[in-house]
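Only one structure is covered here, and it is reproduced in the block below.
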2 protein chains.
Amino acid sequence: MTTTGQPQVRAARTVGRALRPTTKALPEHARAHNRSMVLAHLFHEGPSSRADIARSTGLTRVTVSGLVGDLITEGLVSELGVRSEGKVGKPATLVGMRTSDFLVVAVDLTDDERILGAVMTLVGDVVERRSVPLEGRVGEAALELLEQLCRDLLALADRPVIGLGIASPGVIDTDGRVVQAPNRGWYDLPLAALLTERLEVPVHVANDANTRALGEFTYGEAAGSGSMVLTIGEGVGAGIVVDGALVLGRHNAAGEIGHVTVVDAESAAGSDEEPAVCACGRAGCLETVLSVPALRRRTSGLTPEESDAALASVGRKLGIALAPVVSALDLAEVLLAGPPDLLDGPLRETALSTVRERTMPVIGHGLALRMAAMDEDGALAGAAVLVLSGQLGVS
Amino acid sequence: MTTTGQPQVRAARTVGRALRPTTKALPEHARAHNRSMVLAHLFHEGPSSRADIARSTGLTRVTVSGLVGDLITEGLVSELGVRSEGKVGKPATLVGMRTSDFLVVAVDLTDDERILGAVMTLVGDVVERRSVPLEGRVGEAALELLEQLCRDLLALADRPVIGLGIASPGVIDTDGRVVQAPNRGWYDLPLAALLTERLEVPVHVANDANTRALGEFTYGEAAGSGSMVLTIGEGVGAGIVVDGALVLGRHNAAGEIGHVTVVDAESAAGSDEEPAVCACGRAGCLETVLSVPALRRRTSGLTPEESDAALASVGRKLGIALAPVVSALDLAEVLLAGPPDLLDGPLRETALSTVRERTMPVIGHGLALRMAAMDEDGALAGAAVLVLSGQLGVS
DNA sequence: CATGTTTGTTAGTAGACCTTCCTTACTAAA
DNA sequence: TTTAGTAAGGAAGGTCTACTAACAAACATG
């Protein structure tokens with residue numbers, strides 16, 4: 001590159017630094033990244049030879065051997081003997097992640113009635129399961145109950161526990177601090193740091209809807225290019241993944257779609273439905289029609305036909321709210337997590353057709369709107385993934 | 001870490017690999033990253049000492065000296081003498097990016113009537129400006145016109161040109177291939193690769209709305225935590241940045257919010273407005289009420305009061321469509337780019353109040369909805385940023 | 001004038017990956 | 001049985017990267 005003239009230098013007109021990388025990169029970061037790639041390969045593909053891993057990652061066999069050596073030293077990976085399949089050349093020595101020799105403890109705080117907990121293997125199999133009723137406890141009392149459940153679960157583990165993951169409702173920041181969780185009476189509570197210190201185990205905390213999305217992406221079949229997992233329970237929340245990463249938002253409140261107005265006072269005046277008052281203090285929120293209690297209330301005592309019509313009506317409202325989001329993010333799919341008897345019928349079908357008729361063909365026609373693959377343990381599995389991701393870099 | 005029992009290894013239940021890192025990391029990548037950090041610091045903060053850069057980046061002075069040395073050898077950076085301000089210690093030698101010794105060529109294809117082009121310095125100052133009328137040309141003819149304009153602009157440059165950036169309407173993939181741009185009659189056209197070869201200059205292409213968003217983030221004041229730049233012209237498009245990165249979406253069609261239905265046939269039946277037919281073939285799209293031609297049509301011949309009411313009505317429709325997006329992504333701000341006489345009044349105010357009344361307070365109240373800081377050259381400036389980002393890693 | 005501070009450089013060290021070459025172990029064909 | 005070919009895994013040596021430690025230069029201050 002050649003240059004001419006005198007150097008003239010000036011700052012850009014303003015200080016916008018939105019997309020500027022802000023953290024330095026060291027060679028050891030590269031090492032950690034590559035280590036995670038090896039571990040992720042073993043996690044997703046199962047036992048493999050070092051040469052397999054080298055081909056898959058693009059690293060050389062030498063480098064992979066070194067990384068695998070480290071992992072074996074740490075005990076996370078072990079050799080499994082020679083591959084039986086007869087091919088030419090020296091037979092491969094399989095190595096695999098010791099997914100059943102370590103455990104993860106996962107806790108789900110989604111439910112207002114009780115705290116769910118489980119001891120799981122690294123592949124998400126539940127080994128032990130416990131739950132305790134909340135009985136209206138909030139704030140400090142709820143925290144104590146949570147801590148005791150965690151202690152009980154840790155005591156149940158007969159193998160080393162690499163970490164503890166918690167799925168909590170509310171706004172959680174990236175450090176696992178609960179900014180606000182009204183239902184549990186928690187405000188500005190450094191939950192992850194607190195429990196990490198008290199339990200002497202690494203603790204990771206994330207929003208329950210985001211956690212469920214994580215579970216769906218790891219164990220389910222959700223597409224990373226653009227997906228939204230809509231969790232429908234006592235409330236309505238969403239976890240969104242675009243371009244391979246969870247969306248967090250400005251105050252880590254992304255996905256809080258339950259309190260968007262979907263029933264208008266004026267347009268509903270003539271029709272059969274009035275906007276219902278919501279727990280958030282406003283009226284006509286998506287949650288007032290789509291939450292499980294609202295759906296049960298709405299359909300109870302109706303004939304199947306009437307019930308289907310009511311569900312379709314809610315599906316239409318959902319579709320109207322989803323259409324702008326699907327368009328703006330060019331989503332590949334929307335997954336519904338919740339009771340299939342309510343969701344997987346007229347509601348889902350009407351929501352899909354509504355989104356399709358309200359968006360461009362290229363967006364809407366490719367869209368999938370289906371039930372989430374994970375059952376009610378989705379949030380628990382996601383909490384386990386939180387630990388895998390945080391402790392091992394696997395996800 | 002200790003282990004117990006026999007190794008038992010199994011693959012995860014499925015092959016979900018949404019969030020798995022897929023590319024290896026090498027030490028040289030770290031070097032490139034750090035180099036970009038140094039360059040970005042100089043670009044945004046202006047001339048600085050090596051020690052300043054070290055403090056800002058977290059790297060040591062030694063490392064920064066090495067990186068700056070490389071950049072000086074390449075000619076991108078130069079020493080500017082000692083800092084005049086008298087402080088204790090050895091006076092600092094300032095180094096700065098030679099932003100005026102290199103040029104960027106930027107082209108904006110947003111307009112249906114003509115192609116805009118400019119030769120700019122690295123800080124976005126326009127040195128030369130040219131435009132050519134399209135006169136209805138599409139497909140190959142439009143491409144030839146574009147290529148000729150690029151050649152003319154390159155010939156006008158009296159300093160080395162580091163690259164050429166193009167803002168085009170339509171769906172553009174990350175390699176600068178125009179997947180589809182109906183207005184220009186381009187389908188599956190590898191525009192960046194084609195022009196890079198023909199013009200012998202690095203060419204970068206991106207969607208015009210995304211480009212404008214880039215310009216706004218680099219030269220304007222948009223927040224990287226979550227912002228949307230809504231470009232309102234002959235069409236309506238959006239560029240969205242969440243968590244510091246542009247949202248691309250499944251088919252690189254993110255931001256195509258202009259064709260979301262906002263006028264319903266049934267609810268409008270009683271009112272004064274019928275859903276208008278859109279260029280996309282459907283009816284009631286946002287574009288049919290919010291595009292500049294639609295707004296001009298709607299307000300022409302009205303009294304100021306009537307005009308304000310009409311604009312407020314459009315603002316309300318916009319607000320209804322924005323509310324779910326703002327909620328789902330927890331956006332910090334929405335910027336409007338377009339004619340201020342139409343947008344920066346009742347339309348903007350009503351849109352903002354509508355979003356606020358339809359979203360949670362924590363989301364809506366912190367939201368800013370204001371005019372974009374960049375003028376009509378926004379897309380050009382963004383196209384220049386495309387080059388800075390692509391060639392220098394600066395953005 | 002002595003002292004302390006800040007800058008930028010030199011020299012040495014540790015880590016990370018690469019390429020090249022070697023041994024081991026197997027299949028396939030003469 | 002022998003020979004050739006293929007593939008896995010590891011060892012040696014080289015390059016690149018950034019760090020720490022130590023130092024000289026240049027200035028402000030008491």
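All values below were derived from every heavy atom in this structure, side-chain atoms included, with hydrogens, water molecules and symmetry-related copies excluded. All chains are named by letter (A, B, ...) in the order of the sequence lines, taking the proteins before the strands, and each is independently numbered beginning at 1.
What separates CG of Leu26(B) from C1' of dT15(D) is a distance of 12 Å, to the nearest Å. For Glu28(B) and dT19(C), the CD to P distance is 10 Å, given to the nearest whole Å. Across the protein-nucleic acid pair, Leu67(B) atom CG and dC16(D) atom P stand 15 Å apart, rounded to whole Å. In this structure, His29(A) atom NE2 and dA14(C) atom P are separated by 20 Å, rounded to whole Å. dT6(C) atom P lies 12 Å from atom CG of Asp52(B), rounded to whole Å. In this structure, Leu94(A) places its CG atom 12 Å from C1' of dA8(D), rounding to the nearest Å. Note: CZ (Arg35(A)) to P (dG15(C)) measures 16 Å, nearest angstrom. Leu59(B) places its CG atom 15 Å from the P atom of dG8(C), with the value rounded to the nearest Å.
Considering only the side chain of Ala92(B), dT7(C) comes nearest among dG9(D), dT7(C), dC19(D). With distances taken from any side-chain atom of Asn34(B) to the nucleotides dC26(C), dC18(C), dA18(D), the minimum falls on dA18(D). Closest approach to the Thr63(B) side chain among dG9(D), dA18(D), dC18(C) is made by dA18(D) (side chain taken as heavy atoms from C-beta onward). The side chain of Lys90(B) approaches dT6(C) more closely than any other nucleotide in the set dT6(C), dG9(D), dC18(C). Residue Arg50(A) has its side chain nearest to dG9(D) when only dA16(C), dG9(D), dC17(C) are considered. Which of dT17(D), dC19(D), dC18(C) sits closest to the side chain of Pro27(B) comes down to dT17(D). In this structure, of dA18(D), dC18(C), dA16(C), it is dA18(D) that holds the atom nearest to the side chain of Arg31(B).
At a threshold of 4.0 angstrom between heavy atoms, the contacts of Arg55(A) are confined to the sugar-phosphate backbone, with no base atom among them.
DNA chain D is contacted by both Gly89(B) and Pro91(A); Pro91(A) maps to the nucleotide lying nearer its 5′ end (nearest heavy atom per residue). Looking at which nucleotide of DNA chain D each of Gly58(B) and Ser65(A) is closest to, the 5′-most match is held by Ser65(A).
Between Glu74(B) and Arg35(B) there is a salt bridge, with a side-chain nitrogen of the basic residue lying less than 4.0 Å from a carboxylate oxygen of the acidic one. Remark: Arg83(B) engages Asp52(B) in a salt bridge, criterion side-chain N to carboxylate O under 4.0 Å.
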Kindly indicate, with the supporting measurements, whether the criterion salt bridge (charged side-chain N to carboxylate O under 4.0 Å, His left out) is fulfilled by Asp70(A) and Arg31(A). CA-CA 11 Å; Asp70(A) 288 356; Arg31(A) 180 76 169 182; 3.0 Å; yes

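Between Ser48(B) atom OG and Arg50(B) atom CZ the span is 11.5 Å, to the nearest 0.5 Å.
For the OP1/OP2 pair of dA8(D) and a distance below 4.0 Å, the side-chain nitrogens and oxygens of Thr93(A) include no atom meeting the criterion. Look at Lys24(A) and you won't find any side-chain N or O under 4.0 angstrom from OP1 or OP2 of dT17(D). Look at Thr60(A) and you won't find any side-chain N or O under 4.0 angstrom from OP1 or OP2 of dC17(C).
Considering all non-hydrogen atoms of both residues, Leu42(A) and Ile53(A) come closest at CD2-CD1, 3.9 Å.
Each of Leu103(A), Val105(A), Leu388(A) was scored for a side chain to side chain contact (heavy atoms under 4.5 Å, CB included) with Ile162(A), with one residue passing: Leu388(A).
In this structure, His251(B) and Val179(B) have side chains that are not in contact, with every pair of non-hydrogen atoms separated by 4.5 Å or more.
Looking at Asp173(B), its side chain never comes within 3.5 Å of a backbone N or O of Asn252(B) through a donor-acceptor pair. Side-chain atoms of Thr93(B) never come within 3.5 Å of backbone atoms of Val82(B) as a donor-acceptor pair (strictly under, hydrogens ignored). For Thr63(A) (side chain) and Leu59(A) (main-chain N/O), no donor-acceptor pair under 3.5 Å exists by modelled atom type. A donor-acceptor contact shorter than 3.5 Å is absent between the side chain of Gln391(B) and the backbone of Pro202(B).
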Do any N or O atoms of the protein come closer than 3.5 Å to N or O atoms of nucleotides 20-22 of chain C, and which pairs are they?
none

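For the helix from dC1(C)-dG30(D) to dA30(C)-dT1(D), the terminal axes (five pairs an end, C1' atoms, rotation from four pairs onto the next four) enclose an angle of 10°, given to 10 degrees.
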